[in-house]
Amino acid sequence: MTIRRTPRTVRSAGLVAVAVAAALSLTACQGGDKESAQEKKDSASTSASSTGSGGGDSEGARSETGKDRTGEQSASPAADAGTPSTTSKAGSPDRTQKLADGSTAKIYKLGDQHYRAKIVSRGSVLATLETNKHDAGLNANDMSVVLTLGGEVHSWMGGGQQGPGTFQLAGGWTAKVKKLGELRYQAQIIGNDGVAATLETNGHDVGLDANGSYIVLSNGGVISAHK
C-alpha cells in the first residue's frame with residue numbers, strides 16, 4: 001500500500017519561530033506516519049505467515065525449521081561414532097576344526113549349551129549346524145558331522161545305511177528306522193535296556209551323542225554312526 005502525503009507550506013516566512021515550530025511539527029508528523037506504516041507492514045506480514053499453507057510459510061519460519069533439521073542431522077553421526085561396534089567380535093569363531101573331508105568347522109559359542117558350527121570350504125559356507133537344547137547332525141557328500149551340546153564336533157566318512165530297516169551301529173547300538181513321510185524319518189536308538197533315544201527328521205538332518213557314539217540320521221533316511 002502507498003501512503004500519500006500532502007505537502008505543507010509555511011505561509012508566514014517572516015515569523016522564524018513559527019516556521020521552526022512548523023518544521024518540528026512536520027518532522028514529528030512524518031515520523032508518526034512512518035511508524036504507522038511499519039506497524040501496518042508488520043501486521044500484514046504476520047497475517048500472511050499465520051494464514052499461509054504448504055509452501056506459503058514465511059522466510060523466517062523456513063529458516064528456523066532448516067536450522068533445527070541441520071542440528072538434528074549433525075548430532076546423529078556424532079552419537080553413532082561414540083557407540084562401540086561388536087561386529088568383529090561377534091563374527092570371530094571361538095575355534096576352528098578340520099573335518100574328515102578336508103573342510104573346516106568354525107565353531108561359535110552362543111550361550112549355555114548353545115553352539116553354532118559353520119562348515120566352510122574354499123571360503124564358502126556349505127552348511128550350518130546349531131544346537132538348541134539338543135545335539136545337531138548333518139550328512140553331506142558321504143560325510144557325517146555331529147555338533148554336541150558341549151560344542152564338540154565329530155566327523156567321519158562313509159558307514160551310512162539306507163532306511164527303513166533295522167541296523168547295527170557302532171558302540172553296540174541298534175537303530176530301528178521307519179519312514180513317516182516326505183523327508184521325514186524316525187530312528188529309535190536301542191540299547192541293552194530298551195529304547196534309549198529317538199531321532200526324527202523334519203526336513204533337516206539330526207544327530208546324537210549316545211555316550212560317546214555319534215549318530216546321524218539324514219532327512220533321506222540314511223543312518224550312520226561312529227565311535
Side-chain angles (χ1 to χ4, degrees), residues 88-227:
S88 58
K89 182 177 179 181
S92 300
D94 291 274
R95 61 188 178 86
T96 61
Q97 180 178 327
K98 284 292 184 181
L99 301 181
D101 68 347
S103 59
T104 300
K106 294 185 176 182
I107 304 154
Y108 305 79
K109 184 173 182 179
L110 306 180
D112 187 28
Q113 295 190 332
H114 191 182
Y115 288 84
R116 178 181 296 149
K118 292 182 179 181
I119 299 176
V120 180
S121 179
R122 298 178 182 179
S124 299
V125 178
L126 305 181
T128 300
L129 293 171
E130 186 170 330
T131 65
N132 190 5
K133 299 182 181 180
H134 55 74
D135 304 325
L138 172 70
N139 183 289
N141 299 326
D142 204 31
M143 178 180 73
S144 297
V145 183
V146 170
L147 174 64
T148 72
L149 284 172
E152 299 175 355
V153 173
H154 298 269
S155 65
W156 64 96
M157 300 295 296
Q161 302 177 84
Q162 178 66 59
T166 301
F167 310 98
Q168 296 301 310
L169 304 179
W173 298 100
T174 298
K176 184 177 290 186
V177 180
K178 59 183 178 180
K179 185 174 183 178
L180 303 179
E182 186 67 23
L183 299 179
R184 190 174 179 186
Y185 285 80
Q186 183 188 84
Q188 290 182 327
I189 310 303
I190 304 169
N192 295 331
D193 298 325
V195 177
T198 300
L199 292 173
E200 186 173 319
T201 68
N202 191 6
H204 58 82
D205 303 342
V206 291
L208 176 67
D209 174 6
N211 296 333
S213 292
Y214 304 98
I215 305 169
V216 171
L217 176 64
S218 77
N219 60 13
V222 175
I223 191 163
S224 180
H226 185 263
K227 184 173 175 61

Item to check | Identified side-chain hydrogen bond (donor to acceptor under 3.5 Å, both in side chains) counterpart of Gln186 within the set Lys176, Glu200, Lys179 | outcome: Glu200
Checklist entry - Say you draw a straight line from CD1 of Ile107 to CZ of Arg116; how long is it, rounded to the nearest 0.5 Å? => result 13.0 Å
Item to check | ring pair (Phe, Tyr, Trp, His ring centres under 6.0 Å) involving Tyr214 - partner list, sequence neighbours excluded | outcome: His154
Next on the checklist: Pair Tyr108, Thr128 - check side chain to side chain contact (heavy atoms under 4.5 Å, CB included), show working.
Outcome noted: CA-CA 11 Å; Tyr108 305 79; Thr128 300; over 6 Å; no
Checklist entry - CG/Asp101 to CE/Met143 distance, rounded to the nearest 0.5 angstrom? => result 3.5 Å
Item to check | Nearest-0.5 Å distance, CD1 of residue Ile189 to CD1 of residue Ile215 | outcome: 4.0 Å
Checklist entry - If you take all heavy atoms of Leu208 and Ala197, which pair is closest and at what distance? => result CD2-CB, 3.7 Å
Next on the checklist: List the residues meeting ring pair (Phe, Tyr, Trp, His ring centres under 6.0 Å) with Trp156, not counting sequence neighbours, and say none if there are none.
Outcome noted: His226
Checklist entry - Are the side chain of Thr131 and the backbone N or O of Tyr115 linked by a donor-acceptor pair below 3.5 Å? => result yes
Item to check | Smallest separation among heavy atoms of Lys178 and Pro164, with atom names | outcome: CA-CB, 4.1 Å
Item to check | Minimum heavy-atom distance between Tyr185 and Gly220, given as atom pair plus value | outcome: CE1-C, 3.5 Å
Checklist entry - About how many Å separate CG of Asp135 and OG1 of Thr148, when rounded to the nearest 0.5 Å? => result 6.0 Å
Checklist entry - Does a side-chain heavy-atom distance below 4.5 Å link Thr201 with Leu183? => result no
Checklist outcome for this item: When rounded to the nearest 0.5 Å, the distance separating CE of Met157 from CG of Asn141 is 8.0 Å
Next on the checklist: Is any side-chain heavy atom of Gln161 closer than 4.5 Å to one of Val177?
Outcome noted: no
Next on the checklist: To check you understand the geometry: which heavy-atom pair defines the closest contact between Ala127 and Leu138, and what is its length?
Outcome noted: CB-CD2, 3.6 Å
Checklist entry - Closest approach of Gly171 and Ser213, non-hydrogen atoms and distance? => result CA-OG, 3.4 Å
Checklist entry - For Ala175 and Leu169, which heavy atoms make the closest approach, and how far apart are they? => result CB-CD1, 3.5 Å
Next on the checklist: With side-chain contact (heavy atoms from CB on, under 4.5 Å) as the test, pick out the partner of Ile119 among Val125, Val153, Val145, Thr104.
Outcome noted: Val145
Checklist entry - How long is the span from the OG atom in Ser144 to the CG atom in Asn139, to the nearest 0.5 Å? => result 4.0 Å
